[in-house]
Amino acid sequence: MATAAEKEGVVLLDFWVSPFGQRCRIALAEKGVEYEYKEENLSDKSPLLLKMNPIHKKIPVLIHHGKPICESLVIVQYIDEVWSNNPLLPSDPYERAKARFWADFVDKKVYECGTRLWKLKGEAHEEARKDMIEILKLLEGELGDKKYFGGETFGFVDVAVAPFTAWFYTYETCGKFSVDEECPKLAAWAKRCKERESVSKSVHDPHKVYEFVGKLKKKFGLE
Amino acid sequence: MGEELKLFGVWGSPFSRRVELALRLKGIPYDYMEEDLSNKSPSLLKYNPIHKKIPVLLHGGKPVVESLVILEYIEETWEGNHAILPKDPYERAMARFWARFLDDKCMPAMWMSCWTEGDAQQNFMKESKENLSILEGELKGKKFFGGNAIGLVDIAALFIAHWAGVLQEVAGISLVNEEKHPILFKWIEEFISSDIVVECLPARERLLAFFQAKKETMLATKAPAQ
């Protein structure tokens, strides 16, 4: 008797704390798609991962009926197109372009700045702190008074940003600022996201993320 | 669609030329505004306040920015003529993946190969050649990355078809090489044999002169003080 996951034929190669992998988990959960989750050991990558993503050798990789899709935003768009319930991207081309722009903005800015924030010291750290606050304020500007980035419904940009809410605590602690104070609307949005099952089941506790970064810092000799 | 369509670009930018190619393939008329990046227009700063970059496509007064986002917008808005993305979701995902590979990996490595020296240059050149081989693997057996017709990935790879050759010459290095990349070379020949593509390319001599001048400025500023 095939399980629901086996029937769907969906496998996700992932790493527990990766915000990029979490985007895929959130999207699959929003669509109610059963899948098999495979945790990768990034210091000992599985033959499956190396076979399915030979170019970048990175997670996440979505494997659907044996065919791999790589790059988190490409995966999320694929999920949105294959399972048409609860659409994540709006139907209007201009609104879709705006959503793609903001998801691309998150990709270009948040993770890289966050890394500078916990890795660097002195003037470079100060610059990273300034940059991070600016990035979060820009996101808040786009959110405005809406319930979600997608408007009334949880959409593509919400999926793209939601995993990073678990990193807010780490950014706040490393940068000595408060998201509640600097970006109250964004902070409120983050709380609303956590109330969604798709997010709460996919995204880890912020303290666990902070612990993980602590381990990375030790590994890089930064503690 | 009778709304006003305006493209803010720069003559030598592969990113704004991509957008022009997509519009021309679909037969969509547009107005073009040349930007001076050393003196950005108030319009550019208004329509792309976050990145302050070209290209910007202004459709009925609404701006779309980031070239790959613009290409998808063009595809979705003018669906009828010359589809640049396939219909199948998996094939679409592959096209998006390769477009990102070009932007995130291929172009930066090729660009840096031409503007660095010594060990750094060697590393970028090695990475570039590996990327080009990967692209060849994807192209095998097909006339274009998009199959029989020019698609999103071909448009995204415009840099390789035209700019790479010029930059290689200025830097005095070889990256795209008929011997090492015969399939890619054939693709370049096929691609730039299309009239529509040629219309979208900046004149080679002008591009060469521009990059040569840039190189001279770079070398002059590096010259040791006496």
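By convention in this document, chain letters (A, B, ...) are assigned in the order of the sequence lines, proteins followed by strands, and residues within each chain are numbered from 1.
Counting non-hydrogen atoms of other residues, nucleotides and ligands closer than 6.0 Å to CG of A/Asn85 gives a total above 12. For B/Lys105, the NZ atom counts as loosely surrounded, since its 6.0 Å shell holds 12 or fewer non-hydrogen atoms of other residues, nucleotides or ligands. Summarising the local packing, NZ of B/Lys186 is surrounded by 12 or fewer heavy atoms from other residues, nucleotides or ligands at distances under 6.0 Å. Few gaps surround NZ on A/Lys108; more than 12 heavy atoms of other groups in view lie less than 6.0 Å from it. Within 6.0 Å of atom CD in B/Glu199, more than 12 heavy atoms from other residues, nucleotides or ligands are found, so the atom counts as buried in its surroundings. Atom CG of B/Asn148 sits in a sparse spot, with 12 or fewer heavy atoms from other residues, nucleotides or ligands closer than 6.0 Å. Annotation: B/Lys126, atom NZ; neighbour count of heavy atoms from other residues, nucleotides and ligands within 6.0 Å does not exceed 12. Other residues, nucleotides and ligands contribute only 12 or fewer heavy atoms inside 6.0 Å of the OH atom of A/Tyr111.
Neither the backbone nor the side chain of A/Lys98 comes within less than 4.5 Å of any heavy atom of chain B. Contacts of B/Arg100 with chain A are made by side-chain atoms alone, with heavy-atom separations under 4.5 Å and no backbone atom involved.
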Stepwise side-chain contact (heavy atoms from CB on, under 4.5 Å) test for A/Arg96 and B/Thr77:
CA-CA 11 Å; A/Arg96 289 161 78 87; B/Thr77 306; over 6 Å; no

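Nearest heavy atom pair, residue A/Tyr78 against residue B/Ala93, reads CD1-CB, 4.1 Å.
Taking 4.5 Å as the heavy-atom cut-off, the residues of residues 39-58 of chain A that approach chain B are A/Ile55, A/His56, ordered by number. Contacts between residues 66-75 of chain A and chain B, defined by a heavy-atom separation under 4.5 Å, are made by A/Lys67, A/Pro68, A/Ile69, A/Cys70, A/Glu71, A/Val74.
With respect to chain A, the highest number of heavy-atom pairs below 4.5 Å among B/Ile50, B/Ile70, B/Leu68, B/Val64 belongs to B/Ile50. Interface summary for chain A: among B/Asp104, B/Val65, B/Asn131, B/Val69, the most heavy-atom pairs under 4.5 angstrom belong to B/Val69.
One distance of note links CZ of A/Phe101 with CG of B/Asn48; it measures 6.0 Å at 0.5 Å rounding. One finds the CD atom of A/Glu95 at 10.0 Å from the OH atom of B/Tyr73 (value rounded to the nearest 0.5 Å).
Between A/Arg100 and B/Glu75 there is no salt bridge, since no side-chain nitrogen of the basic residue lies less than 4.0 Å from a carboxylate oxygen of the acidic one.
No donor-acceptor pair under 3.5 Å is formed between the side chain of A/Tyr94 and the backbone N or O of B/His59.
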